[in-house]
Structure formats: C-alpha cells, structure tokens
Amino acid sequence: MSTYSRRKFLKISAATVTVASGAAGAAGAAASAKAAAAPDKPSKRAAQGVQRIPTYCDICFWKCGAIASVRDGVLWKIEGNPEDPLSRGRLCPRGTGGIGAHFDPDRLKRPLIRKQERGQEVWAEVSWDEAFAYIATKMHAIKETYGPESVAMFAHGIGGNFLKHTLKAFGTPNFAAPSFAQCRGPRDVGFRLTFGEDVGSPERTDIKNAQCLVLIGSHLGENMHNSQVQEFAEAVGNGASIIVVDPRFSVAASKARHYLPIKPGTDLALLLAWMHVLVEEGLYDKEYVAAHGFGFDQFAARIASCTPEWAYPETGIDPAVIRETAREMARHRPATLVHPGRHATWYGDDTQRSRAVALLNALLGSWGHKGGFYAPSSMDVPGYPYPAYPKPAKPKLDNPGMRYPFAHEAISTGIREATITGAPYPIKAWFTYATNLIQALPNEDETIKAIKNLDLLVVVDVIPNEIAGWADVVLPEAVYLERFDDLNVELFREPFVALRQPVVDAPHGQKPNWWMAKKLAETLGLAQYYPWKDIEEYLDHRLTAAGMSLADLKTRGIVRGAPQPTVVEEGASLAFETPSGKIEFYSLQLEKAGFDPVPVYTRHAEGPPASFRLLFGRSPVHSFSRTQSNRILSDMMDENEVWLNADMARRMDLKSGDYVCLRNQDGVVSNRVRVKATERIRPDCVYMVHGFGHTARGLKHAFGKGASDSQLVTRYATDPLMGGTGMNVNFVTIEPEAARG
Ligand SMILES: Nc1nc2c(c(=O)[nH]1)N[C@H]1C(S)=C(S)[C@@H](COP(=O)(O)OP(=O)(O)OC[C@H]3O[C@@H](n4cnc5c(=O)[nH]c(N)nc54)[C@H](O)[C@@H]3O)O[C@H]1N2
Ligand SMILES: Nc1nc2c(c(=O)[nH]1)N[C@H]1C(S)=C(S)[C@@H](COP(=O)(O)OP(=O)(O)OC[C@H]3O[C@@H](n4cnc5c(=O)[nH]c(N)nc54)[C@H](O)[C@@H]3O)O[C@H]1N2
Ligand code: SF4
Ligand SMILES: [Mo]
C-alpha cells in the first residue's frame with residue numbers, strides 16, 4: 001500500500017473528522033484497552049514473532065478482505081488484503097480500528113440467563129450446556145402449543161447463516177433483517193420495477209468511471225463503504241463532475257461542482273423536473289430508450305407538467321440550476337451515474353422516489369454502460385448438501401395477504417407487529433443475531449411491547465448492547481477476528497471467494513456462531529442437519545465442490561475468478577427481467593396493483609411550529625450502534641453532535657459546544673448532546689450521527705455519551721409498496737440541558 005494512496009483515501013473523510021492517522025492512534029488505544037481485557041488463560045497461539053493471517057472484516061457488511069498481524073501471540077494490526085477486489089489493499093478507518101473489538105473490556109464473556117424482569121439487565125452466568133438446555137426446553141414448549149412457526153429470527157450479516165439453518169430445520173419460515181424494511185428495501189424494489197433487477201450489495205455502481213456522479217443524500221466519505229469511497233476519490237481525481245443534493249453540506253458536497261441544498265423530503269419533485277428537462281429539451285438517450293424502453297410516451301405525458309418552475313417552490317432549488325444540472329448530466333451520458341443510495345427509507349414514498357432515480361438513469365442510458373451500472377458476477381460455489389427442511393404448516397407472517405405487494409424480502413417490522421397483535425398467528429420466541437433491534441427499528445416502544453409478549457428472547461451478540469438488556473438468554477459470540485464464518489461469495493465487478501478465519505483466540509471462551517448453531521440443533525434433536533464435524537470440514541466440502549481447497553484459501557484469504565464482461569463497452573449484453581422484457585418507464589404491474597405507474601410527487605407534512613426535521617446519517621469512524629464501545633474508534637469520536645444552522649443557533653442564543661436536549665413531537669426527550677452550529681445545514685432541519693446515546697448499562701464506556709436518534713424516531717411512514725419504514729418524519733425542538741429533569 002503506498003502512502004500516497006492511503007492519504008488520498010482518508011482525505012475524503014477529513015472535512016468532518018480528524019482521523020487519528022492509522023496505526024499510531026490505534027496502537028495506543030489498543031494498549032490501554034488490552035490491560036482491561038485480560039484473557040481467562042493465555043492464548044494457545046502464543047507463537048513468537050509476527051504472523052500475518054488473511055481474513056475479512058466485519059465492522060460493516062462490505063466484508064473487505066484483510067490481513068491481520070499477530071505479534072508474539074497478541075493481535076497487533078489489520079490492513080487491507082491487496083488481492084481483494086473490495087478493499088484493494090486498504091481498509092476504511094473503521095476496519096483499521098476493528099481490532100478494538102477484540103480488546104473491548106466490556107465484551108460479553110459468558111452465557112447469561114435472566115434473573116429479574118426483562119430490561120433490568122440482571123443475569124446469572126451459566127454454562128453453555130445450561131444455556132442450550134434452557135433454550136431447547138422453551139422452544140419445545142412453544143412448538144407444542146403454537147407450532148414451530150412461532151419462533152422468529154432477526155439477523156444482520158453473514159454470521160447469521162448457521163443459526164438460520166438450525167431454525168429452518170426446527171420448522172419456522174420467519175426470518176428478517178433490518179437491512180430491508182429499514183434500509184435498502186425501497187431502492188431495491190424501485191430498481192426491480194424498472195430494470196427487473198436491483199443494484200445489490202456491494203452496489204453495481206461504476207463510480208470510478210463515471211464522468212458525472214449525482215449523489216442524492218448518499219453521503220460517501222461519511223458513509224464509508226470502502227470500494228465506493230475509493231472509487232469516489234478516483235472519480236474526483238479524474239475530474240468527474242459531481243452533483244450533490246443534500247439539505248446538509250456533506251463531505252461529498254465539499255467535492256461537488258454543483259451543490260443543491262434541497263428542502264428535505266422533496267427529492268421526488270427535483271427528479272421529476274430533471275426528467276422533464278431531459279425529455280422536453282430532447283437531451284435523453286433516444287436510441288437507448290427506443291431500443292430498451294417500455295411505455296415511454298405515457299411516461300413523457302405524465303411528467304409534462306413537472307417543470308423546474310413547478311419544482312422550485314417545493315424543493316427551494318432555482319429553476320435555472322435544475323436546468324443546468326440536467327444538461328450537465330446529459331453532456332456526460334451514458335457515463336452519468338445517478339447513485340441509487342442505500343439507506344433509502346426516508347419518507348414512506350421511497351420506492352417511488354427510488355423508481356424515479358432508476359428512470360433518470362434510464363433516460364441517461366447508464367444502466368449497462370461504463371460509468372453507470374455494470375453487470376456483476378460471482379463464483380459458483382455450491383451450498384452444502386443438507387437434508388431437506390420440514391415444510392412449515394403456516395406461511396411466513398411478516399406480510400399477511402401480501403399487504404405490501406412488492407416486498408420480495410421479509411419485513412422486520414411486520415414480524416414485530418405480528419408479535420404484538422398475535423395475528424395472523426402468535427410469535428413467542430425471537431432470536432436476534434448481530435442486530436440491535438432497539439436502535440435499528442423505529443419506535444422503540446413497539447419493539448419493547450412485542451418483546452414483552454415473548455416467552456423467549458435469545459440474543460447473540462459480542463457486547464451487552466440495548467437488545468441484550470431485554471434478553472432471557474444472552475449468548476456471547478467470539479468477534480470476527482476469533483472465528484471462521486461462511487464463505488463470502490458476493491456478486492461484484494469480478495468473481496471472488498473470501499474466507500474469514502480466526503486470527504487470535506476468544507479471550508473468555510466466547511464461541512463462534514456456527515458452533516452455537518450446531519450445538520443448539522443437537523440439543524433440539526436435529527443433529528442430522530449438521531453432518532459435518534466442524535466448520536473447517538463444511539468449508540472444505542463447499543470449496544472442493546467448486547474446485548478449490550480450504551488449505552489454499554487459508555493462506556491466500558481470497559481466490560479470484562476470471563473477470564467477465566461487465567458493461568456493453570466490454571461486450572456485455574442488456575437484458576431486463578421485467579414483465580415487458582424492457583425498462584419500464586410506465587409500469588403496468590404498479591397500475592394493476594393500484595399504484596402510480598409513473599412516480600407522482602406528493603408533499604409531506606411539516607412539523608409543529610419552531611421545530612426542526614430530524615435527519616441522521618453516518619460517521620466515517622463508526623458503524624451503526626455497534627462500535628461506540630470500541631476504544632480505538634471511540635478515541636476518534638466519543639459522542640455525536642447535533643448540527644444546527646448557525647443563524648438559528650444565534651437566534652436561540654446557542655453556540656457550538658453547548659449541551660442541549662432534543663424533544664420530539666411526541667414528547668420524547670433525548671440525552672444531552674452538544675450543538676454544532678454551522679452554515680452547513682439548512683435552517684429547517686437538524687442532523688446527527690446514528691448509533692450514540694447508549695442506554696445499556698453494561699456498555700460502561702459508551703453509556704450515556706451523545707444522543708440517540710433512534711429514541712426520537714417514534715413515528716415512521718410505511719411505504720405502501722413494500723412495507724419500508726420511512727424514518728425522516730420526526731421533528732424536534734431544542735431545549736436547554738436542564739429541561740430533561
Ligand atoms: N434511527 C435509525 N435507525 C436505523 C438507521 C439509522 O440511521 N437511524 N439505520 C438503518 C440501517 S441503514 C440499517 S442497515 C440498520 C442496521 O441495524 P443493525 O444491523 O441492527 O445495527 P446495529 O444497531 O449496529 O446492531 C448490530 C448489533 O450487532 C452486534 N455485533 C457486532 N459484531 C457482532 C458479531 O461479530 N457477532 C454478533 N453476534 N453480534 C455482533 C452489535 O454489538 C450490535 O448490537 O439500522 C437501521 N435503523
Ligand atoms: N462509516 C459508516 N459507513 C456506513 C455505515 C456506517 O454505519 N458507518 N453504514 C452503511 C449502511 S448499512 C448504509 S445503509 C449506508 C447509509 O448511507 P447513505 O445511503 O449514503 O445515506 P443515508 O443514511 O440515507 O442518508 C444520510 C444523508 O442523507 C441526507 N438527507 C437526509 N434527508 C434528506 C432528504 O430529504 N433529501 C436528500 N437529498 N438528502 C437527505 C443527510 O443529510 C445525510 O447526508 O452507509 C453505509 N456506510
Ligand atoms: S468498509 Fe470498512 S468497516 Fe466495512 S468491511 Fe470494509 S474495512 Fe470493514
Ligand atoms: Mo443500511
């Protein structure tokens with residue numbers, strides 16, 4: 001890794017956060033953390049000298065290939081694996097600081113069973129056998145009374161695969177992740193309705209080759225998905241024209257040629273006006289649309305009235321700027337990429353907004369072209385040949401009667417609702433794996449109400465986060481640096497397979513997910529679903545079936561396949577798996593289901609007088625609510641701030657650094673949080689980084705630092721197409737710290 005490229009990479013995040021430059025800061029914090037996290041017994045692996053062991057990162061779900069170094073048996077540092085197409089040899093600041101997860105003194109250490117009321121955080125330490133016996137007894141009782149379908153699981157990330165396998169063998173169809181209805185679901189549905197395919201994760205965006213890149217809210221540089229940020233830096237370096245639409249002057253906005261400080265919630269009006277200009281002025285890709293489009297004339301007729309002058313009072317964006325930016329996009333097409341975003345659950349009409357993003361890309365001809373959306377590929381690694389699962393007697397219950405007709409994945413909040421109402425049938429047990437539902441789902445009260453209806457809540461986590469506080473049984477997992485996981489075989493620019501393997505031992509006998517899942521299955525009498533002895537046998541079986549070997553992958557970490565053509569310019573061909581076989585400018589599927597076949601803008605409700613719309617996003621050095629306890633990362637950012645327009649702050653007699661509380665429209669008051677008075681945000685909204693304001697007492701270091709956006713998200717607007725929960729519909733007033741009482 002050259003010093004130059006690393007500097008350049010980190011520079012993207014420099015506008016908001018000073019990133020303690022790599023190893024030095026990390027090593028210091030690790031050293032102080034190490035003392036507190038003394039292991040039960042010395043590591044077996046106390047080999048002398050430096051070992052370099054390839055694995056892949058788990059601080060977020062990008063899964064960058066990495067190489068960890070262990071010095072004299074102690075975890076020392078982690079860097080990008082140069083062979084890995086995702087990291088390209090460089091990790092993001094969170095990945096570099098990931099080793100702090102291993103040293104965290106507040107980690108869960110042993111299995112726990114609840115001793116008092118739920119939520120009181122009082123447990124007894126038990127043996128693994130006792131924990132599984134307790135769980136199995138409860139599960140058998142639930143199965144007897146309600147059926148196996150009354151057990152549900154929430155998971156985020158690849159580590160949930162084995163537990164899911166056990167619960168499928170038990171007989172439930174109910175599995176969900178917050179990454180659909182609280183994250184990318186509307187985007188995926190909007191793109192499917194238009195192109196017949198979604199953009200996937202990692203997204204199939206050819207950012208590095210884009211000559212014009214449009215970011216609508218996507219705050220790359222704070223949103224640190226590694227390959228995207230590296231490619232963004234490359235595009236900026238290549239002189240690409242960057243257009244950023246955001247109510248807040250983000251890090252990405254600081255790189256932009258055009259920054260559009262849009263009024264929150266009005267992006268659909270802007271998108272329609274942009275498309276209007278492209279059509280009206282004949283600037284769209286006529287050949288591409290004629291060859292691949294369906295229903296273009298009806299679409300054009302529907303957007304005929306969406307002029308920039310119409311959009312102006314909605315969005316606050318000058319009509320001349322709307323025209324100029326539309327022409328800029330047209331000038332660079334098809335290498336103009338209107339980024340689809342990722343966290344798309346904003347206002348409840350998000351699928352239609354995402355569909356408008358897809359349609360704008362379609363007018364520019366970017367789908368399938370260099371600098372637009374490429375066709376990804378993956379390796380062909382067969383799954384393990386398990387016995388067939390029992391067929392559940394009842395269907396999955398998150399979306400009864402396909403109330404949300406275009407949801408192609410399970411709706412987490414649908415399972416929550418069923419757990420509260422008992423309909424269409426009761427849910428009596430939840431398993432959560434690596435998801436902190438208290439912070440991830442909107443309206444904490446509903447989540448707690450659902451939990452109170454359960455006979456069993458099992459939480460698999462690495463730290464005593466808020467969700468663990470509500471658990472009956474807490475199972476402490478070994479962190480990613482201490483375990484094997486399933487193979488990473490994602491669709492990407494080029495095919496590859498990556499291995500996660502243990503680099504160091506878990507300090508207190510915490511166990512990997514595969515071990516827990518197998519043990520639980522055996523305790524439940526489902527041993528036949530685990531024909532393999534241990535995960536190495538499982539992995540080798542899968543790899544051998546694909547012509548590879550575990551021994552090889554253990555030394556290299558990554559095996560790459562032959563690159564395939566990714567864009568038309570390389571010989572790829574275009575195909576659309578929509579009902580018409582074309583790009584659907586006019587959607588008959590939507591029309592038939594009673595929805596607008598072409599997106600229609602509707603105004604969103606305003607907040608009470610003197611209130612600000614609450615917006616939130618990412619910090620380059622934290623992931624959601626999972627890293628605030630990591631001493632290395634918290635050393636770089638210990639608490640969040642509330643961004644408040646400088647002029648408003650002056651009027652309210654507030655200055656940067658003052659502590660305030662936020663009160664939302666339903667009377668919920670936040671923990672105290674510092675003001676950041678800045679010109680970089682509109683006067684009608686405030687902004688904060690998600691994941692802070694921990695209320696779990698076991699998080700000794702993170703407890704009470706900063707404020708939680710999740711607590712203030714009591715309201716949400718449900719997307720009628722797919723059940724996503726738009727969360728940018730809450731409003732807050734600002735109060736002096738003393739008001740909390
Ligand atoms: N208010 C609000 N809500 C949001 C968002 C927001 O910005 N604001 N963002 C939304 C988005 S985009 C998403 S994707 C979701 C994310 O939602 P989640 O994925 O639920 O994110 P976290 O809250 O970080 O919860 C992750 C949990 O996994 C645990 N964990 C970390 N590593 C491991 C491990 O190795 N093993 C196990 N077993 N557990 C581990 C962490 O300690 C933590 O408790 O949240 C959504 N909800
Ligand atoms: N460092 C870091 N990186 C991450 C993550 C992390 O936890 N940490 N999480 C990853 C995950 S799972 C996700 S989903 C992504 C999320 O990241 P993105 O999908 O890039 O962004 P969002 O969270 O949707 O949106 C936040 C941005 O949208 C702006 N915004 C808010 N309301 C509006 C609006 O009405 N209109 C417009 N145009 N902009 C608006 C905010 O000011 C902010 O800049 O980040 C990923 N990357
Ligand atoms: S983007 Fe960062 S945190 Fe996410 S997997 Fe890659 S290095 Fe790890
Ligand atoms: Mo997400």
Side-chain angles (χ1 to χ4, degrees), residues 56-66 78-80 84 86-87 90-98 101 104 106-108 154-160 163 177-185 187 201-202 223-230 341-345 412 432-444 459-468 474-483 485 488 500 510 512-513 516 614-618 620-630 633 688-691 694 696 699 708-713 716 725 727-728 730:
Y56 65 85
C57 181
D58 193 37
I59 299 299
C60 83
F61 305 107
W62 206 254
K63 307 190 197 80
C64 295
I78 187 162
E79 297 158 296
D84 170 49
L86 287 166
S87 73
R90 283 171 274 163
L91 300 183
C92 87
R94 298 170 297 155
T96 308
D104 187 345
D106 295 340
R107 282 178 68 171
L108 292 166
F154 300 87
H156 198 180
I158 199 165
L163 198 52
S179 47
F180 184 71
Q182 281 70 47
C183 178
R184 58 177 168 70
R187 171 194 84 178
S201 171
N223 159 354
M224 265 298 175
H225 276 165
N226 194 346
S227 336
Q228 295 206 48
V229 179
Q230 293 192 38
R342 183 176 177 106
H343 181 215
T345 45
S412 48
T432 72
Y433 178 87
T435 176
N436 184 11
L437 295 181
I438 302 291
Q439 292 239 22
L441 302 184
N443 196 322
E444 185 182 314
V459 169
V460 187
D461 210 303
V462 292
I463 50 172
N465 226 331
E466 284 76 29
I467 188 67
V474 181
L475 301 176
E477 187 170 30
V479 303
Y480 68 107
L481 293 159
E482 303 157 353
R483 66 177 196 243
D485 257 313
N488 182 20
R500 178 175 292 151
Q510 295 98 330
N513 57 69
M516 294 185 228
L614 175 68
L615 306 180
F616 40 83
R618 308 291 178 230
V621 299
H622 283 284
S623 288
F624 320 111
S625 77
R626 53 195 272 154
T627 49
Q628 291 72 27
S629 184
N630 176 321
L633 296 177
M688 60 204 275
V689 168
H690 168 66
H694 283 282
L699 297 178
S708 159
D709 61 321
S710 305
Q711 278 183 339
L712 297 166
V713 176
Y716 54 94
T725 56
M727 299 192 275
N728 292 10
N730 292 272

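Keep in mind it's a predicted model, so treat the numbers as computed, not measured. Both counts, for ligands and for their atoms, begin at 1 and track the order of listing.
- Ligand 1 lies within reach of Pro178, whose nearest heavy atom is under 4.0 Å from it.
- A heavy-atom separation below 4.0 Å is not found between Glu466 and ligand 1.
- Of the N or O atoms in Asp461, one or more lie within a sub-3.5 Å distance of an N or O in ligand 1.
- For ligand 1 and Asp709, the ligand atoms under 4.0 Å from any heavy atom of the residue are 1 (N), 2 (C), 6 (C), 8 (N).
- At a 3.5 angstrom cut-off on N or O pairs, Leu441 does not count as close to ligand 1.
- Each of the following atoms of ligand 1 lies closer than 4.0 Å to a heavy atom of Asp58: 35 (O).
- The atoms of ligand 1 that sit less than 4.0 Å from any heavy atom of Gln439 are 3 (N).
- Side-chain contact annotation: Gln182 with Thr345, donor-acceptor N/O pair under 3.5 Å absent.
- Close approach of ligand 1 to Val462 (heavy-atom distance below 4.0 Å) involves ligand atoms 30 (N), 31 (C), 32 (N), 33 (C), 34 (C), 35 (O), 36 (N), 39 (N), 40 (C).
- Which parts of ligand 1 touch Thr435 is read off a 4.0 Å heavy-atom cut-off, strictly below it: atoms 18 (P), 20 (O), 25 (O), 26 (C), 27 (C), 28 (O).
- Set against the non-hydrogen atoms of Tyr433, the atoms of ligand 1 under 4.0 Å away are 36 (N), 38 (N).
- For the pair Asn465 and ligand 1, the shortest N or O to N or O distance falls below 3.5 Å.
- Residue contacts with ligand 1, taken as heavy atom pairs separated by less than 4.0 Å, involve Met727 solely via side-chain atoms from C-beta onward.
- Counting atoms of ligand 1 from 1 in the listed order, those under 4.0 Å from a heavy atom of Arg483 are 34 (C), 35 (O), 36 (N).
- Atoms of ligand 1 lying under 4.0 Å from at least one heavy atom of Ile463, given by number and element, are 42 (O).
- Around atom 2 (Fe) of ligand 3, protein N, O or S atoms at less than 2.8 Å number 1.
- In terms of N/O distances under 3.5 Å, ligand 1 is approached by Ser625.
- Residue contacts with ligand 1 include Arg618, since one of its heavy atoms falls under 4.0 Å from the ligand.
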Note to self: One pair to check against side chain to side chain contact (heavy atoms under 4.5 Å, CB included): Lys63 and Ile158. What are the steps and the verdict?
What the structure shows: CA-CA 9 Å; Lys63 307 190 197 80; Ile158 199 165; 4.0 Å; yes
